[in-house]
Trainee: 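Have a look at the structure that comes next, please.
Numbered from 1 within each chain, the chains take letters A, B, ... in sequence-line order.
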There are 2 protein chains.
Amino acid sequence: MISTDLIKGSLKTIVLKVLKENGRMYGYEITRKVEELTQGKIRLTYGALYPVLHKLESEGVLVTESENFNNRIRIYYSLTEKGHSVVTEKIREMKEFIDSLQSIVNPQPGLSHA
Amino acid sequence: MISTDLIKGSLKTIVLKVLKENGRMYGYEITRKVEELTQGKIRLTYGALYPVLHKLESEGVLVTESENFNNRIRIYYSLTEKGHSVVTEKIREMKEFIDSLQSIVNPQPGLSHA
DNA sequence: TGCAATATATAAGTTACTTAAATATATGAA
DNA sequence: TTCATATATTTAAGTAACTTATATATTGCA
């Protein structure tokens with residue numbers, strides 16, 4: 001498991017990216033998907049996930065649809081048009097972040113023409 | 001520039017890794033080095049850096065030596081023995097983190113034998 | 001009947017930061 | 001000479017993104 005400190009700032013981007021790839025998802029499903037993609041290394045807590053989803057909804061980044069499945073409520077989230085452009089920007093930034101971390105943990109001394 | 005939220009949890013690891021690579025460094029020099037390595041994308045603020053350095057020192061991860069340079073005080077930090085093993089672990093974790101982020105932003109659908 | 005998995009919600013607490021302000025010297029430009 | 005910029009460190013006060021804990025409810029398996 002990766003320490004939560006490291007993951008902290010990335011939660012929103014992770015959620016949005018997974019939603020972009022998979023279309024309509026409910027909260028529980030999102031945590032599952034993230035665990036699957038990261039081989040269990042990233043586990044979103046519900047105390048973090050749901051408030052983030054609510055906030056993104058109130059910002060107009062996500063919309064919800066409630067459905068009934070097996071007598072359980074499921075709240076499906078999907079990106080709005082605004083959401084799509086937000087994700088695009090967030091992912092661009094995250095790639096830049098990953099590159100930056102790479103250049104710190106794997107510095108390339110011979111790379112002078114960068 | 002990368003949003004500070006994203007960088008937040010990585011500060012300690014970044015500082016320690018840069019110190020590991022460069023041996024003895026003073027605070028200001030560390031921020032310079034990180035900017036250089038990341039082409040200006042990651043800028044450590046002093047309000048974050050110095051408290052972290054002090055904390056790492058109090059934890060026995062770093063030791064300091066004060067020197068006078070051009071009538072200015074410079075406080076050099078270097079890793080203790082404990083520090084070296086802390087960095088090793090932190091870097092291992094950060095690589096895992098980077099891999100996890102990669103598998104989210106660049107999912108590889110055909111990679112079933114992972 | 002009792003536990004694990006499924007599914008969402010939220011209040012209270014923590015902490016790692018940001019922002020801002022303080023201090024001091026050297027250097028180059030106007 | 002005076003102003004801005006770069007160098008160099010310190011710390012107080014505030015924020016917000018989380019964690020932890022708790023609550024609720026159904027399904028299915030042993």
Side-chain angles (χ1 to χ4, degrees), chain A residues 1-16 18-19 24-36 40 42-59 61-62 64-77 90 93-94 97, chain B residues 1-16 18-19 24-36 40 42-59 61-62 64-77 90 93-94 97:
Chain A
M1 269 284 281
I2 296 166
S3 91
T4 55
D5 273 0
L6 228 39
I7 299 165
K8 256 184 192 185
S10 309
L11 203 165
K12 209 175 275 187
T13 307
I14 290 171
V15 168
L16 290 173
V18 169
L19 272 170
R24 235 170 63 112
M25 296 180 95
Y26 53 99
Y28 192 79
E29 195 184 5
I30 293 173
T31 68
R32 289 278 165 224
K33 191 69 190 174
V34 170
E35 272 181 49
E36 183 200 323
I42 295 185
R43 296 217 171 119
L44 309 184
T45 60
Y46 304 116
L49 176 68
Y50 288 108
V52 160
L53 287 172
H54 299 333
K55 200 185 173 209
L56 289 171
E57 191 192 359
S58 77
E59 288 169 2
V61 173
L62 301 178
T64 60
E65 295 165 279
S66 294
E67 280 188 27
N68 224 288
F69 180 82
N70 259 359
N71 282 340
R72 266 191 225 104
I73 270 185
R74 271 188 188 166
I75 303 172
Y76 282 93
Y77 294 86
K90 287 260 178 204
E93 193 191 25
M94 175 158 284
F97 176 52
Chain B
M1 268 284 282
I2 297 165
S3 91
T4 55
D5 272 0
L6 229 40
I7 299 165
K8 255 186 193 185
S10 309
L11 203 166
K12 208 175 276 186
T13 306
I14 289 172
V15 168
L16 290 172
V18 169
L19 272 171
R24 236 170 61 112
M25 296 179 94
Y26 52 100
Y28 192 80
E29 195 184 4
I30 293 172
T31 68
R32 290 279 164 225
K33 192 69 190 174
V34 171
E35 273 183 47
E36 185 200 320
I42 294 184
R43 294 217 172 119
L44 310 184
T45 60
Y46 305 117
L49 177 68
Y50 287 108
V52 160
L53 287 172
H54 299 333
K55 201 184 172 210
L56 290 170
E57 192 192 358
S58 78
E59 288 169 1
V61 173
L62 301 178
T64 60
E65 296 164 278
S66 294
E67 278 187 28
N68 225 288
F69 180 82
N70 258 359
N71 282 341
R72 266 192 227 106
I73 269 185
R74 272 187 187 168
I75 302 171
Y76 281 93
Y77 294 86
K90 287 259 179 206
E93 193 191 23
M94 174 159 286
F97 177 53

Trainee: Applying salt bridge (charged side-chain N to carboxylate O under 4.0 Å, His left out), can you list everything that pairs with B/Lys90, at least two apart in sequence or on another chain?
Mentor: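 With neighbours one apart ignored, the set is empty.
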
Trainee: Between atom CZ in B/Phe69 and atom C1' in D/dT9, what is the gap in whole Å?
Mentor: 16 Å

Trainee: With sequence neighbours left out, write down each residue that passes side chain to side chain donor-acceptor pair (under 3.5 Å) with A/Tyr50, or none if nothing qualifies.
Mentor: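 Applying side chain to side chain donor-acceptor pair (under 3.5 Å) to A/Tyr50 gives none.
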
Trainee: Can you tabulate the close N/O pairs, meaning under 3.5 Å, that link protein atoms to atoms of nucleotides 25-28 of chain C?
Mentor:
{"residue": "C/dT25", "atom": "O2", "partner": "B/Arg72", "partner atom": "NE", "Å": "3.3"}
{"residue": "C/dT25", "atom": "O2", "partner": "B/Arg72", "partner atom": "NH2", "Å": "3.0"}
{"residue": "C/dA26", "atom": "OP1", "partner": "B/Asn71", "partner atom": "ND2", "Å": "3.1"}
{"residue": "C/dA26", "atom": "O4'", "partner": "B/Arg72", "partner atom": "NH2", "Å": "3.2"}

Trainee: Which heavy atom of B/Ile75 sits nearest a heavy atom of B/Ser66, and at what distance?
Mentor: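 So the minimum-distance heavy-atom pair works out to CG1-OG, 3.9 Å.
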
Trainee: If the condition is side chain to side chain donor-acceptor pair (under 3.5 Å), which residues does B/Arg24 pass it with, not counting sequence neighbours?
Mentor: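 Counting only residues at least two positions away or on another chain, B/Arg24 forms a side chain to side chain donor-acceptor pair (under 3.5 Å) with B/Glu65, B/Glu67.
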
Trainee: Rounded to the nearest Å, what distance is computed from the CG atom of residue B/Leu44 to the P atom of nucleotide C/dA16?
Mentor: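 Checked: the CG to P distance equals 16 Å.
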
Trainee: Report the distance from atom OH of A/Tyr28 to atom P of C/dA5, rounded to the nearest whole Å.
Mentor: 8 Å

Trainee: OP1, OP2 of C/dT8 versus side-chain N and O of A/Tyr46: anything below 4.0 Å?
Mentor: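 For C/dT8, OP1/OP2 do not have a side-chain N/O of A/Tyr46 under 4.0 Å.
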
Trainee: Closest-nucleotide mapping onto DNA chain C: is A/Ile75 or B/Thr4 further toward the 5' terminus? I mean the 5' end.
Mentor: A/Ile75

Trainee: Touch check for B/Leu11, heavy atoms < 4.0 angstrom, all strands: base, sugar-phosphate only, or nothing?
Mentor: sugar-phosphate

Trainee: Can you check the A/Ile30 CD1 to C/dT6 C1' distance for me, whole Å?
Mentor: 15 Å

Trainee: Could you tell me if the side chain of B/Leu44 sits less than 4.5 Å from the side chain of B/Val15, heavy atoms only?
Mentor: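 Result yes, sub-4.5 Å side-chain heavy-atom pair found.
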
Trainee: Heavy atoms only: give me the nearest B/Leu53-B/Gly27 pair and the separation to one decimal.
Mentor: CD1-CA, 4.0 Å

Trainee: Using a 4.0 Å heavy-atom cut-off across all strands, classify A/Gly27 as base, sugar-phosphate, or nothing.
Mentor: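 Answer is sugar-phosphate: A/Gly27 comes under 4.0 Å of backbone atoms only.
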
Trainee: Could you walk me through whether B/Arg32 and B/Glu36 pass the salt bridge (Lys or Arg N to Asp or Glu O under 4.0 Å) check?
Mentor: CA-CA 6 Å; B/Arg32 290 279 164 225; B/Glu36 185 200 320; over 6 Å; no

Trainee: Strictly below 4.0 Å: does A/Arg74 bring a side-chain N or O up to OP1 or OP2 of C/dT6?
Mentor: no

Trainee: For A/Tyr76 and C/dT6, what is the distance between atoms OH and P respectively, to the nearest whole Å?
Mentor: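 Computing the A/Tyr76:OH to C/dT6:P distance gives 14 Å.
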
Trainee: In whole angstrom, give the distance that lies between atom CD1 of B/Ile7 and atom C1' of D/dA16.
Mentor: 16 Å

Trainee: Taking all non-hydrogen atoms of both residues into account, name the closest pair between B/Leu6 and A/Phe97 and its distance.
Mentor: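 Here B/Leu6 and A/Phe97 meet closest at O-CZ, 3.2 Å.
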
Trainee: Would you name the heavy atoms of B/Glu93 and A/Ser3 that are closest together and state the gap between them?
Mentor: OE2-N, 2.6 Å

Trainee: Would you mind reading off the distance between A/Glu67 atom CD and C/dA7 atom P, rounded to a whole angstrom?
Mentor: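 Going from CD in A/Glu67 over to P in C/dA7 covers 12 Å.
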
Trainee: D/dA16 P sits how many Å from A/Asp5 CG, rounded?
Mentor: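 Atom CG in A/Asp5 sits about 18 Å away from atom P in D/dA16.
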
Trainee: Do the non-hydrogen side-chain atoms of B/Ile14 and B/Ile30 ever get within less than 4.5 Å of each other?
Mentor: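 B/Ile14 vs B/Ile30: side chains apart.
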
Trainee: Which pairs, protein N/O on one side and nucleotides 12-14 of chain C N/O on the other, fall under 3.5 Å?
Mentor:
none

Trainee: Could you tell me whether B/Glu59 and B/Lys55 make a salt bridge, using a distance below 4.0 angstrom between a side-chain N and a carboxylate O?
Mentor: yes

Trainee: Do you know which two heavy atoms are closest between A/Lys12 and A/Val52, and how far apart they sit?
Mentor: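 That closest heavy-atom pairing would be CG-CG1, 4.4 Å.
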
Trainee: If you take any heavy atom closer than 4.0 Å to DNA chain D, which residues from residues 48-56 of chain A end up in contact?
Mentor: A/Ala48, A/Lys55

